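The structure under discussion appears below in the form of structure tokens.
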Amino acid sequence: MLIFINPGHAQGGMPDPGAVNMEANLRECDIAMTVGSLTGKYLEDAGCKVKLLQSHNLAGESPAYPNVTDTANISLADVFLSIHVNAGGGRGAETFCYWRYGAAGRLAGCIQAQLVQSLQPFDKGYADRGVKENKSLCVLRETCMPAVLVELGFIDSADVQLLKEHQDDMARALARGVTDYEKNWLKI
Ligand SMILES: [Zn+2]
């Protein structure tokens, strides 16, 4: 299985770091890259192939940067995983897919369950915000394989402690979510 990992926002934060918590010295682009790279490592350990691209161009809007969805589609990846961090003051994880009742919905369910199970023991306040449909996220709409976008937590809430100290646990959870999907839904 080939997994295409897309850490959210621009590489190195230029021109778009995503959500930022200045006080905690945390940027979404850096968390996404660290967690994405570790997730790739764990998936490779589990026998998967991995491609990773963080870019300011998701579907052709910034031609100076490599195009994420085109690159994913051409790679013939089996699964697309975009990694983000929320802002706005809530708590916990949520996972988006284009259509809840398709393969992406099943993949999103596996990832969401692993994240919540892995992180809640460290902080009971880390909420299970569930699997949600979203038709406007272009990484979900423009990709031709089952695609999900995971929000690991809120950079401007008490989640910040988990986002600081448990990036490795988050990566392990994402990798287990992907391999659960493969085991439960692809190898029947
Ligand atoms: Zn984001």
Side-chain angles (χ1 to χ4, degrees), residues 3-40 50-62 64-72 77 79-98 104 107-108 111-112 114-116 119 126-143 145-171 173-175 177-178:
I3 294 92
F4 194 97
I5 298 175
N6 166 233
H9 304 279
Q11 226 172 59
M14 288 295 289
D16 168 29
V20 174
N21 181 332
M22 304 273 259
E23 233 167 84
N25 197 24
L26 277 181
R27 301 190 303 176
E28 180 180 2
C29 60
D30 302 321
I31 298 169
M33 185 48 123
T34 303
V35 172
S37 304
L38 286 168
T39 302
V50 171
K51 290 203 161 131
L52 181 144
L53 177 60
Q54 184 177 43
S55 174
H56 189 55
N57 179 1
L58 297 177
E61 72 280 13
S62 303
Y65 300 84
N67 182 311
V68 169
T69 50
D70 271 5
T71 308
V79 160
F80 181 97
L81 171 60
S82 190
I83 301 172
H84 285 254
V85 173
N86 255 325
R91 296 286 325 262
E94 57 196 10
T95 307
F96 292 96
C97 59
Y98 190 80
L107 172 63
I111 288 175
Q112 178 69 18
Q114 281 289 352
L115 252 187
V116 170
L119 275 299
Y126 186 75
D128 182 358
R129 303 170 68 89
V131 169
K132 297 176 177 174
E133 280 188 2
N134 188 309
K135 309 286 188 203
S136 63
L137 295 167
C138 68
V139 289
L140 306 182
R141 197 183 57 236
E142 305 293 332
T143 40
M145 67 293 291
V148 302
L149 184 149
V150 61
E151 297 276 6
L152 298 173
F154 286 74
I155 204 166
D156 53 0
S157 79
D159 285 351
V160 77
Q161 214 57 30
L162 294 171
L163 291 167
K164 252 188 179 167
E165 295 170 6
H166 293 282
Q167 294 182 12
D168 187 68
D169 293 300
M170 290 174 175
L174 296 182
V178 172

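Nothing fancy with the numbering, it's 1 onward along the sequence. Counting convention: from 1, in listed order, for ligands and their atoms alike. Because the structure is a prediction, the values reported are computed rather than measured. Keep in mind that the numbers below use all heavy atoms, side chains included, and drop hydrogens, waters and symmetry copies.
Residues N6 and S82 bring a donor and an acceptor atom of their side chains to less than 3.5 Å of each other.
The Zn ion (ligand 1) sits nearest to atom ND1 when only the N, O or S atoms of H84 are considered.
Counting non-hydrogen atoms of other residues, nucleotides and ligands closer than 6.0 Å to CD of E165 gives a total above 12.
L115 is listed as a side-chain neighbour of M170, based on a closest heavy-atom distance under 4.5 Å.
With a cut-off of 2.8 Å, the Zn ion (ligand 1) has no N, O or S atom of E151 in range.
Angle subtended at the Zn ion (ligand 1) by H9 NE2 and E28 OE2: 100°, rounded to 10 degrees.
Not one N or O on the side chain of T95 forms a donor-acceptor pair closer than 3.5 Å with the backbone of V131.
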